[in-house]
**Student:** 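I'd like to ask you about the structure that follows.
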There are 2 protein chains.
Amino acid sequence: MAALQKSIDKRNALINATIELVNNDGFHATPMSKIAKMACVSPATIYLYFENKQDLVNKTYIEVKTSYTAYAFATYNETMSVEEGFEVIWKRIADFKLKESANAMFLAQCDNTPMIDEESRQEGIKHLQPLLDLWARGKKEGIIKPLSDYMLYA
Amino acid sequence: MAALQKSIDKRNALINATIELVNNDGFHATPMSKIAKMACVSPATIYLYFENKQDLVNKTYIEVKTSYTAYAFATYNETMSVEEGFEVIWKRIADFKLKESANAMFLAQCDNTPMIDEESRQEGIKHLQPLLDLWARGKKEGIIKPLSDYMLYA
DNA sequence: ATATAGAAAATGAACGTTCATTCTTTTTTA
DNA sequence: TAAAAAAGAATGAACGTTCATTTTCTATAT
C-alpha cells in the first residue's frame, strides 16, 4: 500500500487548534508549543505536516476561506437575476458569521493584518470569483446604482 | 517652573512609528527597537513615555480612534433627520478610509485582533456614542427598516 | 547676565525569557 | 525488519525591559 501514514485527523486537529488559539491570542502571540499541546501532539510533529509556522497559518487560511466561499455561494446559481444573486449571497455570508463565528473571526483577522503571505492571500481571493463575476454582470446591466454605495463596504 | 520637559514631538513620533510599523508588520512582529529607530529615539526612551509595549499600542489606539470619531461626526448634528444623519456620517467614514488610510488600516487591525486591551477597547467604543444614539433614534421612529439589513455590517 | 547644581531625560548595553526550529532517539506501521 | 512518524530535549536567535551612565535642561545664586 501507499504511504499515507500521516493522519488526516492530526492535521485537522492542528488546523483547528490554530484557529482557536489565533482567535484568542493573535498569530504571533500563539507559540507552536501551545498549538501542539492543544492538538495533542509534539511540537516537532507539526513540522511533519507543515513547513513552518507561516505555512501552517497560510494553509489554515486557505482551508477556512474555501469553506467560507463554498458556504456563501451554496444557494446561488448563475441563472439568478443580479439582485436576487446579491441578496442570496449576502444572506449566506451573514449566516456564516453567525453559525461559524470562530471561522469568520479567524478570516477577519487574516484579512485585516499582514499575517498571511501575499501568495496565499491571492489564492484566497480566487475563490471569490463568482462574486466578482456577479458584480461585473450588475455593472453591465447598469442596474443597482444606489446599492454600490453600500457595497463598497463588502 | 513645572517639569514638562518630555517632548510632545517625541511622543507623536512614537505614535506615528507605531501606526506605520504595525500596519506593515503586525503588532507582535514589530520590535520596540524598530519603533525606537523610526522615531529617532533609544529603545529605553520609549519607557519614559509609555509603561510598556501594550500601553504604547493601547494609547495609540485611543488616539487614532478619537480622531476617527471626530472626523466621522464633524458634519453631523442632532437636529438632522435620522436618514440624513446616517448618510452624512456614512460619507465621512468612507472619506476617512480614503484620506486617512493609514489610520483606518491601523484601526481595522486593532478591531479585528486581540491586540488591544479590553479596557482601552471599551474606551474607544465610548466615542461612538453619537452613532449609537442615532441608531436608537432611528429605532424609536420606527423607520428605515430595510437599511438595518445593510447596517449589520458596520 | 552667567555660572552652576540638581533633577529629569535620554542613551546604549546587558539581562533574562520566550519561542521557532532542529536533532537524536524511540515508537509505530506495513 | 526497515522505513516512516512521533517525541522530547536542545539550540540559537530575537525581543521586551531594565540598569548604569551620560547628557540636557532649568532655576537659583552670584
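Numbers restart at 1 for each chain; the letters A, B, ... are given by sequence-line order, proteins then strands. It should be emphasised that the depicted structure is a prediction, and the values quoted were computed from it without experimental measurement.
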**Student:** Indicate yes or no for a side-chain donor-acceptor contact from A:T30 to the backbone of A:G26 under 3.5 Å, with no hydrogens or angles considered.
**Tutor:**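 Looks like yes, one N/O pair under 3.5 Å.
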**Student:** Can you run down the salt bridge (Lys or Arg N to Asp or Glu O under 4.0 Å) pairs that involve residues 24-42 of chain B, sequence neighbours left out, and say none if there aren't any?
**Tutor:**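 Counting only pairs at least two positions apart or across chains, the salt bridge (Lys or Arg N to Asp or Glu O under 4.0 Å) contacts touching residues 24-42 of chain B are B:D25-B:K34.
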**Student:** Name each donor-acceptor pair under 3.5 Å that joins a side chain in residues 102-114 of chain A to protein atoms two or more places apart or in another chain, with its distance.
**Tutor:**
| residue | atom | partner | partner atom | Å |
| --- | --- | --- | --- | --- |
| A:N103 | ND2 | A:E100 | OE1 | 3.0 |
| A:Q109 | NE2 | A:V22 | O | 3.2 |
| A:D111 | OD1 | A:Y61 | OH | 3.2 |
| A:D111 | OD2 | A:K65 | NZ | 3.4 |
| A:N112 | ND2 | A:A108 | O | 2.7 |
| A:T113 | OG1 | A:Q109 | O | 2.8 |
| A:T113 | OG1 | A:M115 | N | 3.4 |

**Student:** So, is A:K10 near the phosphate of D:dA6, with a side-chain N or O under 4.0 Å from OP1 or OP2?
**Tutor:**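 Looking at the OP1 and OP2 atoms of D:dA6, one of them is under 4.0 Å from a side-chain N or O of A:K10.
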**Student:** Taking CD1 from A:I46 and P from D:dA7, how many angstroms apart are they, rounded to a whole number?
**Tutor:**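 About 10 Å, once rounded to whole Å.
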**Student:** Give the B/S/- string for nucleotides 8-20 of chain D, one per nucleotide from 5' to 3', where a protein heavy atom under 4.0 Å of the base yields B, of only the sugar-phosphate yields S, and otherwise -.
**Tutor:** B------SSBBB-
**Student:** The criterion is ring-ring contact (aromatic ring centres under 6.0 Å, His included); which residues satisfy it with A:Y71, sequence neighbours excluded?
**Tutor:**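 Scan of A:Y71 (ring-ring contact (aromatic ring centres under 6.0 Å, His included), adjacent residues dropped) gives A:F96.
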**Student:** If the condition is ring-ring contact (aromatic ring centres under 6.0 Å, His included), which residues does A:Y76 pass it with, not counting sequence neighbours?
**Tutor:**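 If we apply the ring-ring contact (aromatic ring centres under 6.0 Å, His included) test to A:Y76, skipping adjacent residues, there are no hits.
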**Student:** If I take atom CZ in residue A:F50 and atom C1' in nucleotide C:dT21, what distance separates them, rounded to the nearest angstrom?
**Tutor:**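 Rounding to the nearest Å, CZ of A:F50 and C1' of C:dT21 are 16 Å apart.
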**Student:** Rounded to the nearest angstrom, tell me the gap between atom CG in B:L14 and atom C1' in C:dA9.
**Tutor:**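 The distance from CG of B:L14 to C1' of C:dA9 comes to 13 Å, rounded to the nearest Å.
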**Student:** Hey, could you give me each pair passing ring-ring contact (aromatic ring centres under 6.0 Å, His included) that has a residue in residues 25-47 of chain A? Not counting sequence neighbours.
**Tutor:**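 ring-ring contact (aromatic ring centres under 6.0 Å, His included) check on residues 25-47 of chain A returns no pairs.
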